[in-house]
Amino acid sequence: MAGAKNHDYHILPPSLWPFMGSMSALVMASGAVMWMHSQPFGGWVFLLGLFGVLATMFFWWSDVIREARAGDHTPVVALHLRYGMILFIASEVMFFVGWFWSWFDFALFPSTVEAVGGVWPPKGIEVIDPFAFPLLNTLILLCSGTTVTWAHHSLLHGDREGLKKGLWLTIILGLVFSCIQAYEYAHAPFAFKGLNYGAAFFMATGFHGFHVIVGTIFLIVCLIRTYRGDFTPKQHFGFEAAAWYWHFVDVVWLFLFVSIYVWGGWGATIHGG
């Protein structure tokens with residue numbers, strides 16, 4: 001029969017959201033440039049673009065959820081959704097490789113940067129004690145990885161209460177991590193500007209902190225969907241993607257803790273020590 005569906009793929013109807021998202025991102029980026037150069041209305045243009053991006057995310061993902069409920073996510077479609085998430089996480093890994101690269105470049109070749117005095121950490125700088133708040137945050141994230149795994153296993157075995165409890169605990173631990181990092185930043189013994197140590201430190205750990213916030217929001221959405229009755233042991237890609245993302249955040253922090261807090265501050269004066 002002509003026009004009959006003879007494949008397992010879901011052919012999407014025309015959607016406005018890809019165009020809306022790209023235009024909103026352009027407006028947001030333009031507004032950010034205007035704002036940083038103190039141009040009139042730059043902040044408002046940035047906020048307009050940001051609102052468009054957030055609206056696109058909300059409505060586009062709502063469409064994806066409706067497609068899943070309608071049964072459009074066949075096994076082959078679900079598989080390619082997983083491929084997409086894997087590639088997204090891989091791109092995030094390469095994003096952090098850039099920040100690690102800059103850190104190790106400064107640390108291993110300090111003689112090329114006259115401002116640091118030929119040593120790393122730079123002469124006269126105090127560093128954050130890695131075995132104080134950073135170690136505490138490491139334990140918090142490791143525990144959160146355990147609780148999100150508990151939630152995942154509960155979902156696979158049909159235990160809705162275990163899923164809810166695991167998500168609640170993971171979200172709380174993520175919020176505690178963000179609060180501790182905010183306190184650490186507020187009392188850091190070095191500034192963002194003026195020295196490459198501070199710039200490299202805040203860019204690497206700050207972007208990780210941003211990813212923790214994004215992951216926490218991701219898990220909150222999953223918790224809301226859980227209370228709405230979404231997710232089954234056989235169909236729960238939204239939760240699976242959130243769990244993968246959270247484990248990625250955990251692993252990146254372990255590398256940050258070892259390379260930046262412990263190894264990167266070795267031999268320097270400990271702040272408050």
Side-chain angles (χ1 to χ4, degrees), residues 50 53-69 73 78 81-82 84-86 88-89 92-93 96 131-186 205-257 261:
L50 177 62
V53 169
L54 294 176
T56 300
M57 293 164 64
F58 177 82
F59 289 111
W60 198 345
W61 283 330
S62 296
D63 288 347
V64 174
I65 292 172
R66 280 192 289 270
E67 292 162 8
R69 289 174 176 169
H73 289 180
L81 287 172
R82 285 172 171 80
M85 189 64 192
I86 290 170
F88 169 70
I89 292 176
E92 292 290 279
V93 169
F96 277 101
F131 301 109
F133 283 125
L135 178 59
L136 175 60
N137 263 349
T138 301
L139 297 175
I140 288 172
L141 275 190
L142 289 175
C143 288
S144 72
T146 303
T147 55
V148 78
T149 301
W150 172 35
H152 194 183
H153 279 274
S154 297
L155 174 56
L156 291 175
H157 291 87
D159 180 5
R160 306 289 296 184
E161 288 304 312
L163 170 61
K164 293 174 184 177
K165 291 176 182 176
L167 279 173
W168 269 112
L169 286 174
T170 308
I171 291 167
I172 291 170
L173 289 170
L175 293 172
V176 171
F177 176 94
S178 297
C179 291
I180 291 175
Q181 190 170 46
Y183 180 86
E184 177 188 282
Y185 279 9
T205 60
F207 268 116
H208 175 269
F210 172 75
H211 282 71
V212 170
I213 294 171
V214 171
T216 304
I217 295 171
F218 204 167
L219 292 170
I220 290 172
V221 172
C222 288
L223 182 62
I224 293 171
R225 293 188 61 194
T226 298
Y227 277 97
R228 290 174 58 184
D230 289 351
F231 304 133
T232 66
K234 292 186 177 180
Q235 185 172 339
H236 54 268
F237 170 71
F239 173 83
E240 200 170 24
W244 289 356
Y245 187 86
W246 195 256
H247 287 308
F248 155 73
V249 167
D250 287 352
V251 172
V252 171
W253 176 258
L254 292 177
F255 281 98
L256 285 170
F257 175 71
Y261 285 98

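All values derive from a computational prediction rather than experimental measurement.
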Side-chain contact test, heavy atoms from C-beta onward, threshold under 4.5 Å: evaluate it for [X] versus [Y] and give yes or no.
{"X": "Val251", "Y": "Phe255", "value": "yes"}
{"X": "Asp63", "Y": "Phe59", "value": "no"}
{"X": "Trp253", "Y": "Val212", "value": "no"}
{"X": "Leu54", "Y": "Phe58", "value": "no"}

(request) Report yes if the distance between the aromatic ring centroids of Phe207 and Phe96 is under 6.0 Å, otherwise no. (result)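 That pair fails the under 6.0 Å test.
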(request) For atom NZ of Lys165, decide whether the heavy atoms of other residues, nucleotides or ligands shown that lie under 6.0 angstrom number more than 12. (result)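 Incorrect, the count does not exceed 12.
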(request) Scan side-chain atoms only and decide if Thr205 and Tyr185 contain a donor-acceptor pair under the 3.5 Å cut-off. (result)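 Looking only at side-chain atoms, Tyr185 and Thr205 do form a donor-acceptor pair, the distance falling under 3.5 Å.
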(request) Compute whether any side-chain donor of one residue and acceptor of the other, for Thr170 and Ser144, lie under 3.5 angstrom apart. (result)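 On atom types as modelled, these side chains do not qualify, holding no pair under 3.5 Å.
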N/O donor to acceptor pairs below 3.5 angstrom from side-chain atoms of residues 237-244, sequence neighbours left out:
{"residue": "Glu240", "atom": "OE1", "partner": "Arg82", "partner atom": "NE", "Å": "2.9"}
{"residue": "Glu240", "atom": "OE1", "partner": "Arg82", "partner atom": "NH2", "Å": "2.5"}

(message) Using 0.5 Å steps for rounding, measure from the CG atom of Leu163 to the OG atom of Ser154.
(response)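 If I round to the nearest 0.5 Å, the distance is 6.5 Å.
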(request) Look up atom CH2 in Trp60 and atom CD1 in Ile65, then write down how far apart they are to the nearest 0.5 Å. (result)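 Between Trp60 CH2 and Ile65 CD1, I get 14.5 Å after rounding to 0.5 Å.
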(request) May I have all residue pairs that pass side-chain hydrogen bond (donor to acceptor under 3.5 Å, both in side chains) and include part of residues 207-216, sequence neighbours excluded? (result) Glu92-His211
(message) Going by ring-ring contact (aromatic ring centres under 6.0 Å, His included), name the residues that satisfy it together with Phe88, two or more places apart in sequence or in a different chain.
(response)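 Counting only residues at least two positions away or on another chain, Phe88 forms no ring-ring contact (aromatic ring centres under 6.0 Å, His included).
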(message) Checking the side chain of His152 only, and the main-chain atoms of Val148 only, is there a donor and an acceptor separated by less than 3.5 Å?
(response)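 No.
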